[in-house]
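Position 1 is the first residue of the sequence; numbering continues from there.
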Amino acid sequence: MDISTTYLGLSLRSPLVVGACGPLTENLDNLRQMEDAGAGAIVLHSLFEEQLHRDRLELDYYLTQGTESYGEALSYFPQRPLFHVSAEAYLEHIQAAKQRVDIPIIASLNGTTNDGWANYAKQIESAGADALELNLYAVPTDISLTSSQVEQTYLDIVHSVTHSVDLPVAVKLSPYFTNLANFAHRLSHTGVNGLVLFNRFYQPDIDIDTLEVYPHVLLSTSQDLRLPLRWIAILYGIMPIDFAATGGIHHAQDAIKLLMAGADVTMMVSALLSYGIDHLSTVEQALRQWLQDHEYASLSQLKGSMSQINCPDPSAFERAQYIKSLQSYRPQPHSIHLAP
């Protein structure tokens, strides 16, 4: 059974890819375990330019603190951990990962300035990454900023990166665009090789006792795959780029649905955090069994078979299906509360 696929020009043994996640990919032993469990590729955790800038400000503070007070302070240096520069550590991690595993290593980058995006992308390329995922994680809050300005900023960023490196580049998007199809089409003309759908923004919560706003991480469930499934199915075949699905891939049937929609790879994070890295092997075995039971010889026969351009009812991915869903839904008796 051939479950190989291609993504960003890379040949992968499997469509099951480990998505970007610090707790999973920062440990080199985990990377080897992922390869042994059957991962087709690994996306490393993101390098955040914003974090690097803050680290440098802190380092400068500690290096200059007290130098005007005593002469001997000029020979004083803070403890070694304060010299930790995330960019250098990240580049070293790429190099070590390439030595540890044979499957492709995809770096992830989140920048804040055009120059920063391009400069760090070049460094990542020099470190030996096989591809680069641009993590466009930003929440615009300036009320004077228009949607067209936001989109143009993203297009400029992607263009600056793709024209600075020879690496294949994917863009990880959020679903929050007025016309996602139009924006994806414009992105496809910047030199990008693929789209990762979708980025999940972790929303803050409020502790009503301590009166603090705190991060609240909620892992995905299989229900979350509906959003990437819909948009990959709509975009498949209308632009010459690859698609990676992320969010909601926990079981073989989840991956199968997204591959049918047109995904080239399916990225897993929450499932591995929930069930362990070896869950990759379980999903692969079930995927192979399903393909065999349904007489598929390879993934190429499956991919895109239920996309909008290929499925029997193309309108199923648009608003008409929303109306049908409402009309066909029947609430359970115990969920109906009649007024006295």
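Judged purely by distance below 3.5 Å, without hydrogens or angles, the side chains of His250 and Ser222 never pair a donor atom with an acceptor atom. Looking only at atom types and distance, the side chain of Asn193 has no donor-acceptor partner in the side chain of Asp242 under 3.5 Å away. Using a 3.5 Å distance cut-off with no hydrogens or angles, the side chains of Asn310 and Ser305 do not pair a donor with an acceptor. Gln123 and Asn119 share no side-chain donor-acceptor pair at under 3.5 Å. Side chain to side chain, Gln152 and Asp156 meet the donor-acceptor criterion of an N or O pair below 3.5 Å. For the 3.5 Å distance criterion, the side chains of Gln285 and Ser281 qualify, holding a donor opposite an acceptor.
Classified by interplanar angle (parallel below 30°, tilted 30° to 60°, perpendicular above 60°), the ring pair His185/His189 is perpendicular. Note on ring orientation: taking the six-membered ring where Trp is involved, the planes of His45 and His93 are tilted (angle from 30° to 60°). Under the 30°/60° scheme for interplanar angles, the aromatic rings of His279 and His251 are found to stand perpendicular.
Using a cut-off of 4.0 Å between Lys/Arg side-chain N and Asp/Glu carboxylate O, Glu35 and Arg13 are scored as not salt-bridged.
Taking OG of Ser307 as the start and CD1 of Ile232 as the end, the distance is 11.0 Å to the nearest 0.5 Å. Between atom NZ of residue Lys303 and atom OG1 of residue Thr5 there is a gap of 5.0 Å, rounded to the nearest 0.5 Å.
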Test log, rule side chain to side chain contact (heavy atoms under 4.5 Å, CB included), inputs Asp130 and Lys98: CA-CA 9 Å; Asp130 295 290; Lys98 288 296 298 176; 2.7 Å; yes
List the steps and the verdict of side chain to side chain contact (heavy atoms under 4.5 Å, CB included) for Phe198 and Trp231. CA-CA 9 Å; Phe198 286 105; Trp231 278 104; 3.8 Å; yes
Between Trp290 and Tyr296, does the ring pair (Phe, Tyr, Trp, His ring centres under 6.0 Å) criterion hold? Intermediate values first, please. CA-CA 9 Å; Trp290 188 93; Tyr296 285 95; 5.6 Å; yes
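In terms of modelled atom types and a separation under 3.5 Å, the side chain of Glu133 and the main chain of Val43 share no donor-acceptor contact.
Remark: of the listed residues Leu287, Asp264, Ile256, Leu287 is the sole one forming a side-chain contact (heavy atoms from CB on, under 4.5 Å) with Pro15.
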